Amino acid sequence: MPGIVIVGAGQAGASLAARLRTSGYQGKVTLIGEEHAPPYQRPPLSKGYLLGEMAVERLFLRPESFYAENNITLRTDCRVDAIDAAARRIVLGTDVLEYEQLALVTGAVPRRLPPAIGGLLDGVHVVRGLHHIDRLSPEMVAGKRVLIVGGGYIGLEAAAVASKLGLEVTLVEMAERILQRVAAEETSDYFRALHQAHGVDLREGVGLERLTGNERVSGAVLTDGTELSVDLVIVGVGVTPATELAEAAGLALENGIAVDAQGRTSDPHIWSAGDCASFPRHGERIRLESVQNAIDQAELVALNMLGADVAYDPKIWFWSDQYDVKLQIAGLNTGYDRVVVRPDEKEGAVSHWYFAGERLLAVDAMNAPRAYMVGKRLIDAGKNADPVMLADPSSDLKALLRA
């Protein structure tokens, strides 16, 4: 039998393969990845690994021996060129691999600056994969001038690392404020103050017009006319779902590879999960870029490949580490109309609670793990919270769980 083929050897791919085996699947499992390394965790790349505090082996999700020991054929440095959905096979160069079922967990690719404004100059970096960080790391030298383009979480995390390493950091965000797409003004204000306190030159409402230099970047012209001298540039302007294979195979796309509640694409023999997949939730279609989603959705797809027929209902959480601040997020704040601010007993710690009317949607907790824990449990259970009580730092948060 051809077995199950998984295209994409990231967090989702590794989770899917492992769950197939722990769920009793005895058929052939092939896990295919383009990168040289075995499946690894991405979040530490822009944090501990870039800081030089983590060896590459600590990034690996499983020891390399795990795959052979569990009869999982891991093929790294391997690019899938095409999917022949009618014949149920994939093409890898001169090789052809048949499948009984196929999972596309191809993740996402970082957006890059257009070549016309200097995006191809040497010294211009993105932060996504291990090879990106290995290329960037030697340039992160104290005293160098780095321009970071984009004030989302990736850009802010890169700014924090660069500042800690002693670089001169300028960050530009074209929107009116950092984190505008994903967070309330209160959270933007918190992180703006944090970065400015660490010496970051943070410029909001200002974009990049073009980079300058011959073969290597040496300067930048901003949309307000400012000219900067820079030694390197880090681009953190988001990612796009990797859908090329799916599109060429004729699969339905909608903000990624469109799947049903079970993770099945428009082809009944092809499934998808993780950053590349959009799925139905509460009457709308969403796509989540998070470790939680990559693991949970992929594991559910593994079960559904084996006939479980279970719908995906994610318990949503995210996190970000910047300097000595751990941001923990529970829920999705889409559609909020009010934010309740709750100061924490620890200095500098606070939580922001998002409401749509009386409904609790999400919480941003900055160095406030208790607030995050309570908020996540309430949101996961579909419960609300008294805004007046939340705003009173002397009130007992855990009492909300008993309400």
Side-chain angles (χ1 to χ4, degrees), residues 34-37 42 45-52 56 77 79 107-178 180-181 192 195-196 198-242 244 322:
E34 290 189 6
E35 296 188 65
H36 176 71
R42 294 189 187 277
L45 287 175
S46 59
K47 306 176 186 72
Y49 184 71
L50 184 54
L51 280 168
V56 65
D77 288 317
R79 179 179 176 81
V109 293
R111 294 190 179 100
R112 295 178 179 270
L113 298 179
I117 66 168
L120 296 181
L121 289 171
D122 190 21
V124 180
H125 300 269
V126 294
V127 177
R128 180 68 181 178
L130 181 59
H131 57 296
H132 296 137
I133 303 301
D134 285 344
R135 179 170 168 259
L136 170 62
S137 184
E139 296 207 48
M140 299 290 277
V141 177
K144 281 194 173 185
R145 299 159 299 183
V146 58
L147 172 66
I148 296 176
V149 182
Y153 288 121
I154 290 296
L156 293 175
E157 289 173 2
V161 170
S163 177
K164 290 176 73 172
L165 290 174
L167 282 81
E168 297 180 18
V169 184
T170 301
L171 184 146
V172 294
E173 169 52 58
M174 187 165 52
E176 293 181 358
R177 58 182 174 87
I178 58 172
Q180 182 166 302
R181 186 178 64 87
R192 179 188 306 110
H195 282 271
Q196 289 176 338
H198 284 84
V200 174
D201 180 1
L202 200 157
R203 308 186 187 195
E204 295 163 298
V206 178
L208 172 69
E209 183 174 304
R210 68 182 185 277
L211 300 175
T212 59
N214 293 321
E215 294 185 359
R216 181 177 177 85
V217 66
S218 59
V221 180
L222 307 184
T223 54
D224 64 359
T226 302
E227 296 186 17
L228 302 175
S229 295
V230 301
D231 298 304
L232 67 151
V233 175
I234 299 175
V235 181
V237 292
V239 298
T240 56
E244 294 86 353
Q322 298 171 44

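Sequential numbering from 1 along the given sequence is applied to the chain's residues. None of these values were measured; they are calculated from a predicted model.
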Within this structure, what is the [atom1]-[atom2] distance for the pair [X] and [Y], rounded to the nearest 0.5 Å?
| X | Y | atom1 | atom2 | result |
| --- | --- | --- | --- | --- |
| L130 | I133 | CG | CD1 | 8.0 Å |
| D134 | Y49 | CG | OH | 3.5 Å |
| R216 | L211 | CZ | CG | 11.5 Å |
| L156 | S46 | CG | OG | 11.0 Å |
| I117 | R210 | CD1 | CZ | 10.0 Å |

Problem - Sole residue of V217, L208, V169 in side-chain contact (heavy atoms from CB on, under 4.5 Å) with L147 - result: L208
Problem - The single option from I154, V127, V126 passing side-chain contact (heavy atoms from CB on, under 4.5 Å) against P110 - result: V126
Are side-chain heavy atoms of [X] and [Y] found at a separation under 4.5 Å?
| X | Y | answer |
| --- | --- | --- |
| L202 | H195 | yes |
| Q180 | E204 | no |
| L228 | R203 | yes |
| V109 | R128 | no |
| V230 | L232 | no |

Can you tell me if [X] uses its side chain to pair, donor with acceptor, with the backbone of [Y] under 3.5 Å?
| X | Y | result |
| --- | --- | --- |
| T170 | D201 | no |
| H132 | G129 | yes |
| D224 | V206 | no |
| R111 | V237 | yes |

Residues, nucleotides or ligands: over 12 heavy atoms within 6.0 Å of [X] [atom1]:
| X | atom1 | answer |
| --- | --- | --- |
| R135 | CZ | yes |
| R177 | CZ | yes |
| N214 | CG | no |

For [X] versus [Y], what's the shortest heavy-atom pair and its separation?
| X | Y | result |
| --- | --- | --- |
| I178 | G151 | CB-O, 3.5 Å |
| L50 | S137 | CD1-CA, 4.0 Å |
| V161 | M140 | CG1-CE, 4.3 Å |
| G213 | S218 | CA-OG, 3.5 Å |
| L121 | T212 | CD1-O, 3.8 Å |
| G155 | I148 | O-CG2, 3.7 Å |

Using 4.0 Å as the upper bound for N to carboxylate O, is an ion pair formed by [Y] and [X]?
| X | Y | value |
| --- | --- | --- |
| E157 | K164 | no |
| E34 | R79 | yes |
| R42 | E35 | yes |

Exercise for the section: Determine whether the side chains of H198 and Q322 contain a donor N or O and an acceptor N or O closer than 3.5 Å. Expected result: no
Practice task
Just do the salt bridge (Lys or Arg N to Asp or Glu O under 4.0 Å) check on D231 and K144 with the steps written out, would you?
Solution key: CA-CA 6 Å; D231 298 304; K144 281 194 173 185; over 6 Å; no
